[in-house]
J.: 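Dropping a structure here in structure tokens format, bear with me for questions.
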2 protein chains.
Amino acid sequence: MPPTSETLTAERILETTEEVLRRHGPAKATVVDVARALGVSHGSVYRHFRTKAALREAVTKRWLDRTSEALAGIVAEDRDPEARLRDWLRGLFDAKRRKAGDDPELFATYMVLTGESNEAVPEHIDDLTAQLTRIIEAGVAAGTFASDDPQSTARAVFHATGRFHDPCYAPEWAQPEAEADFAALVELVVLGLRA
Amino acid sequence: MPPTSETLTAERILETTEEVLRRHGPAKATVVDVARALGVSHGSVYRHFRTKAALREAVTKRWLDRTSEALAGIVAEDRDPEARLRDWLRGLFDAKRRKAGDDPELFATYMVLTGESNEAVPEHIDDLTAQLTRIIEAGVAAGTFASDDPQSTARAVFHATGRFHDPCYAPEWAQPEAEADFAALVELVVLGLRA
DNA sequence: CAGCTGACAGATTTCAATATCTGTCAGCTG
DNA sequence: CAGCTGACAGATATTGAAATCTGTCAGCTG
């Protein structure tokens, strides 16, 4: 829990809200709980976030952004685009699977939060498809990928691999055939992209 | 509603259960309701179905099988495998989208039912991937598709197109970009299959 | 006076009493 | 006597009263 004597900042509220969500779950985590954990009145929390929904959405955005940032490194590298695409898809799958497997309750909590939020998820998907677009553009430039519209192709690749990053499939990720299915799907997608 | 004077048969119970589910929804449709609609005591329903869950699962299976049967025709045709694959994927997408769009409440009801059932959905998926496998095998035989393991490739195609047949994406099917996204995804998949 | 508090109204959630449902079975009926 | 009925026990769902929460704001405090 963060120290209670510093000035109250949006950042500290977000950290504490994450903590309260982890402890109480999405259904029982109240603004009053967050305020109590921070040692302030709940009115002070409303000074930084207009509504409870806005607070939850901000927490959700932070959580999603952590995944995007981890993958941004692969996009920025200067390597064979096909290898980067494979690593990027693998990185996304592993990150999601790890989150879902390591702490299923927390993952379920964020599933509820993303379901509530209208902005956070589309923004996250835009982030990710923008990254994919850059990799595919690099592949087209290098002559290894064929695409007359990298943005649309990136969407197609993102949709095609949904089974291995969309949270609604999280239960399947633990099954033994998941690895082979992932490999087969990536192979199909990469073949479809080749010039 | 079916006539009440005929002998009580599993088939009549299933029809009436569908009717009751359509009218009352999954949460409020009880075995007593079904028995009342049939003009019998609920004990008689339990003579044909051991539990309420078994009754619901049987209704779910019937519903899913109707989709499989509609697509089986395309598999059996004697045409260019690539064209059949395109038609099959289009047929699956259209069938699901129509079900979801025409009667959203009934679709939501069946989403609940499939969520309850442990057998029906995997069986349905096995049905569909078996159909896909036959089309891909035909393509390999004809030399238009490349695959060293049509069954695994069929799974990959099924997974790749999940966004356009998996009910968890039903809300997206009504959006204007769905058509273009579907076309782009089918193109990617077909390119990935070409010999 | 910028930032925090705490009382407040209306909305939401909890909880326990009450009603309904599931699944069984002894016995009725045609 | 094959098939159906309806009463029953335990499980589940509904209901409404009480408790809690959300969001506001007038006023306190450093």
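Chain A is the first sequence line, chain B the second, and so forth, proteins listed ahead of strands; every chain is numbered from 1.
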J.: Looking at residues at least two apart in the chain, or sitting in another chain, which of them share a side chain to side chain donor-acceptor pair (under 3.5 Å) with B:Thr30?
T.: B:Asp33

J.: Could you check which residues of residues 40-53 of chain B get a heavy atom under 4.0 Å from DNA chain D? Sort them by number, please.
T.: B:Val40, B:Ser41, B:His42, B:Gly43, B:Ser44, B:Arg47

J.: Could you spell out the base pairing of DNA chain C in dot-bracket, with Watson-Crick or G-U pairs whose two distances are under 3.5 Å, [ ] crossing and | to another strand?
T.: ||||||||||||||||||||||||||||||

J.: Output every pair passing ring pair (Phe, Tyr, Trp, His ring centres under 6.0 Å) with a member in residues 18-46 of chain A, not counting sequence neighbours, ordered by first then second residue.
T.: none

J.: Name all pairs fulfilling the ring pair (Phe, Tyr, Trp, His ring centres under 6.0 Å) condition that reach into residues 98-134 of chain B, sequence neighbours left out, sorted by first residue then second.
T.: B:Trp63-B:Tyr110

J.: Restricting to side-chain contact (heavy atoms from CB on, under 4.5 Å), what partner residues turn up for A:Glu69, sequence neighbours left out?
T.: A:Asp65

J.: What is the distance, rounded to the nearest whole Å, between atom CZ of B:Arg36 and atom P of D:dG6?
T.: 13 Å

J.: Mapping B:Leu8 and B:Lys28 to their closest nucleotides on DNA chain D, which lands nearer the 5' end?
T.: B:Leu8

J.: How many whole angstroms separate atom CG of A:Leu55 from atom P of D:dG23?
T.: 10 Å

J.: Are any of the side-chain heavy atoms of B:Glu11 and B:His48 separated by less than 4.5 Å?
T.: no

J.: Contact class for B:Val31 vs. all strands (heavy atom < 4.0 Å): base, sugar-phosphate, or nothing?
T.: sugar-phosphate

J.: Residues in side chain to side chain donor-acceptor pair (under 3.5 Å) with A:Glu179, at least two apart?
T.: A:Arg90, A:Arg97

J.: Excluding sequence neighbours, so at least two apart, what forms ring pair (Phe, Tyr, Trp, His ring centres under 6.0 Å) with B:Phe49?
T.: none

J.: List for me each residue that meets side-chain contact (heavy atoms from CB on, under 4.5 Å) alongside A:Ala83, sequence neighbours excluded, and say none if there are none.
T.: A:Arg79, A:Asp80

J.: Partners of B:Thr129 by side chain to side chain donor-acceptor pair (under 3.5 Å), sequence neighbours excluded?
T.: none

J.: So, are A:Glu15 and A:Arg12 salt-bridged, with charged N and O less than 4.0 Å apart?
T.: no

J.: Measure the distance from CG on B:Asp33 to P on D:dA13 and round it to the nearest whole Å.
T.: 14 Å

J.: If the condition is side-chain contact (heavy atoms from CB on, under 4.5 Å), which residues does A:Thr144 pass it with, not counting sequence neighbours?
T.: A:Pro81, A:Ala142

J.: All N/O contacts under 3.5 Å from nucleotides 28-30 of chain C to the protein, with atom names and distances to one decimal?
T.:
none

J.: Rounded off to whole Å, could you give me the CG-to-P distance for the A:Leu38 and C:dC4 pair?
T.: 11 Å

